[in-house]
Asker: 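Can you keep this structure in mind? I'll have questions shortly.
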Amino acid sequence: MDLFEYQGKQYFERFGIPISPGGVADSVEEAVEQAEKIGYPVVVKAQVQVGGRGKAGGIKLANDADEVRLHAGNILGMDIKGHVVRRLWIEQASDIEAEYYVSLTLDRSKKLHFGMLSAQGGVDIEQVAEESPDAIAKIWIDPVDGLTPESARAWVQAADLDPRAEDATVDIVQKLYTCYIEGDATLAEINPLILTPDGEVRALDAKVSLDYAAVYRHQEIWGAFDGLEPHDERERRASELGLQYVGLEGSVGIIANGAGLAMSTVDIVNQVGGKPANFLDIGGGASADHMANALTVINEDENVKAIFINIFGGITRCDEVARGIIQAMERVELKSPIIARLDGTNATEGRAILKENESERLQMREDMLSAANAAVKIAGES
Ligand code: GDP
Ligand code: MN
C-alpha cells in the first residue's frame, strides 16, 4: 500500500532525510493559513496516491495568498488518473539547480535489496531506463550487510552527480536505506531529489509503499497516519475479515486455498478467456465461518457474475469444505452461482455432499479446467 507524499515526507523526516518545511490542508482557507506560516513563495501540491501530478496540473507555485486560493481551489476536487484530490500539501518553494532520482526496492529474484540512483531525475525513471540506461547507477544490497558507508559512497560516485551534492547524497541514501528497512517498506523513492543553488540536497517528492501485512509491527510510525487502509473498498472489507484478498477488475469471483492455487486459479480463468474479479486465498481452514466471510466479500462486488471455488484438500478435508460451502450459502444470500471443484483429501466424500445439494446456484466440476470454463461461461452469459 502506498503512502501519500506528505506521509512519506513525514516518514523521511523521522529518519533525518531533509525535506522542505510544509503542512497539510484540506480546504482553501487551510491552504492559505499554511502558506502564511511557511512564507511565500510556496508550492501547492495535490495529495493523491499516483505519480505524474505535476504534468496533470496538480502542482502549482503560488507567490501570495490570492494565488494560493486560486490554485488550492482548482486542485481540490481535481481528478488525477481516477484519484480525486481531497488534501493538499503546501510547502516552501525550492530553487532547483539539479533534479536527481533515487529509490530502494526489493529484487525478489536476486533476494537482495535494489537501489537506483540517477543524475537524471524529475522525469519517469522508466523513460531514463529506456533512453539512457547508463545514466542509472544500480546497487544490490545484501540485507545482512546493509548499506555500508563505503558502498553508499561508491554508489553515489557511480551516478556522477554534481560534486557539491556528493556528501549530502551519501548521507541521504543511507538514511533512506534505514527508513526503508525499519518500516518494512517495499519501495522508498525520491524523485526528484534536488540540489539547490546554495548546495543543499533535499527530497522534493516522496513515494513510499509499505508491506500492509507488516504495518501492525510499526504502530509507532503508522499509527499517526489516518487513511492508512486499502482504498479499494473490497480490500478494506476483506482485511477486516482477516482474508488474503486482492481486488481485480473482472467478473469471476475466486476462492481457493493456498496462495499458489489461488494464483493458478486466476491464471486459468484468464487462460479460458475470462476475467478474474479477485484473488482470494482462504487459507488452510476453509470452515463455514471462513467460507461465509469469503463469499460475503465476493458477493458485495457488483461486477461478480460467477464464483469459482477451487479447493485442493491437504490437511484441509474436502468433506469439511463442502459442508462449509453449504452452511455459508445458508448465511449469505448470493447474487451469483457457485462453481466448485474439490480435489485431494476426502474428495469423494466432499463431492458427494455437494452432489446432494447441487442446483443452478451450486454446480460441481471434477477438474480445474472444466470448472474454469463453466464459471467463465456463466459470467459471460449474464
Ligand atoms: P509528481 O509529478 O507527482 O512526481 O510530483 P513532484 O513532487 O515530483 O513534482 C513534479 C515536478 O514539479 C518536480 O520534478 C519539479 O520540477 C517541480 N516542482 C515541485 N516542487 C517544486 C519547487 O518547490 N520548486 C520548483 N522550482 N519546482 C518544483
Ligand atoms: Mn515526483
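Throughout, residue positions are numbered sequentially from 1 according to the sequence presented. Note that this is a predicted model, so its numbers are computed, not measured.
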Asker: Between Tyr177 and Ile141, is a side chain to side chain contact (heavy atoms under 4.5 Å, CB included) present by the stated rule, with each step listed?
Answerer: CA-CA 10 Å; Tyr177 183 78; Ile141 305 160; 3.8 Å; yes
Asker: Give a yes-or-no answer on whether the side chains of Arg202 and Ser94 include a donor-acceptor pair shorter than 3.5 Å.
Answerer: yes
Asker: Among residues at least two apart in sequence or on other chains, which ones pass side-chain contact (heavy atoms from CB on, under 4.5 Å) with Ala46?
Answerer: Ile75, Ile80, Val85
Asker: Is the closest basic N to carboxylate O distance between Asp107 and Lys111 below 4.0 Å?
Answerer: no
Asker: Less than 4.0 angstrom from a charged side-chain N to a carboxylate O is my criterion; do Lys355 and Glu358 meet it?
Answerer: yes
Asker: Is Lys60 paired with Glu67 through a side-chain N to carboxylate O contact shorter than 4.0 Å?
Answerer: no
Asker: Does Ala165 offer a backbone N or O that forms a donor-acceptor pair with the side chain of Thr169 under 3.5 Å?
Answerer: yes
Asker: Taking atom NZ as the centre, does Lys335 end up with more than 12 heavy-atom neighbours from other residues, nucleotides or ligands that are less than 6.0 angstrom away?
Answerer: yes
Asker: Checking the side chain of Asp142 only, and the main-chain atoms of Val144 only, is there a donor and an acceptor separated by less than 3.5 Å?
Answerer: yes
Asker: Verify the distance criterion only: is there a donor paired with an acceptor across the side chains of Asn346 and Asp319 at less than 3.5 Å?
Answerer: yes
Asker: Indicate the atoms forming the closest heavy-atom contact of Ala262 with Leu280, along with that distance.
Answerer: CB-O, 3.8 Å
Asker: Taking only Lys NZ, Arg NE, NH1 and NH2, and the carboxylate oxygens of Asp or Glu, determine whether Lys9 and Glu13 approach each other closer than 4.0 Å.
Answerer: no
Asker: Please report the shortest heavy-atom distance between Val297 and Leu241, naming the atom on each side.
Answerer: CG2-CD1, 3.6 Å
Asker: Would you call Lys37-Glu33 a salt bridge at under 4.0 Å N-O?
Answerer: no
Asker: Regarding Trp155 and Gln157, do their side chains bring together a donor and an acceptor under 3.5 Å, going by distance alone?
Answerer: no
Asker: May I ask you to decide whether Arg323 forms a salt bridge with Glu320, counting only side-chain N to carboxylate O separations under 4.0 Å?
Answerer: no
Asker: Taking the basic N atoms (NZ, or NE/NH1/NH2) and the acidic carboxylate oxygens, is any pair closer than 4.0 Å for Asp289 and Arg331?
Answerer: yes
Asker: Inspect the contact between Arg237 and Glu300 and indicate whether a charged nitrogen and a carboxylate oxygen are less than 4.0 angstrom apart.
Answerer: yes
Asker: Begin from the C-alpha positions of Glu381 and Lys305 and carry the test salt bridge (Lys or Arg N to Asp or Glu O under 4.0 Å) through to its verdict.
Answerer: CA-CA 9 Å; Glu381 280 164 0; Lys305 304 289 180 241; over 6 Å; no
Asker: Could you tell me whether Arg317 and Glu349 make a salt bridge, using a distance below 4.0 angstrom between a side-chain N and a carboxylate O?
Answerer: no
Asker: Ion pair present between Lys207 and Glu5, side-chain N to carboxylate O less than 4.0 angstrom?
Answerer: no
Asker: Looking at Asp343 and Arg341, does any basic side-chain N land under 4.0 Å from a carboxylate oxygen?
Answerer: yes
Asker: Output the distance between atom NZ (Lys45) and atom CD1 (Ile59), rounded to the nearest 0.5 Å.
Answerer: 4.5 Å
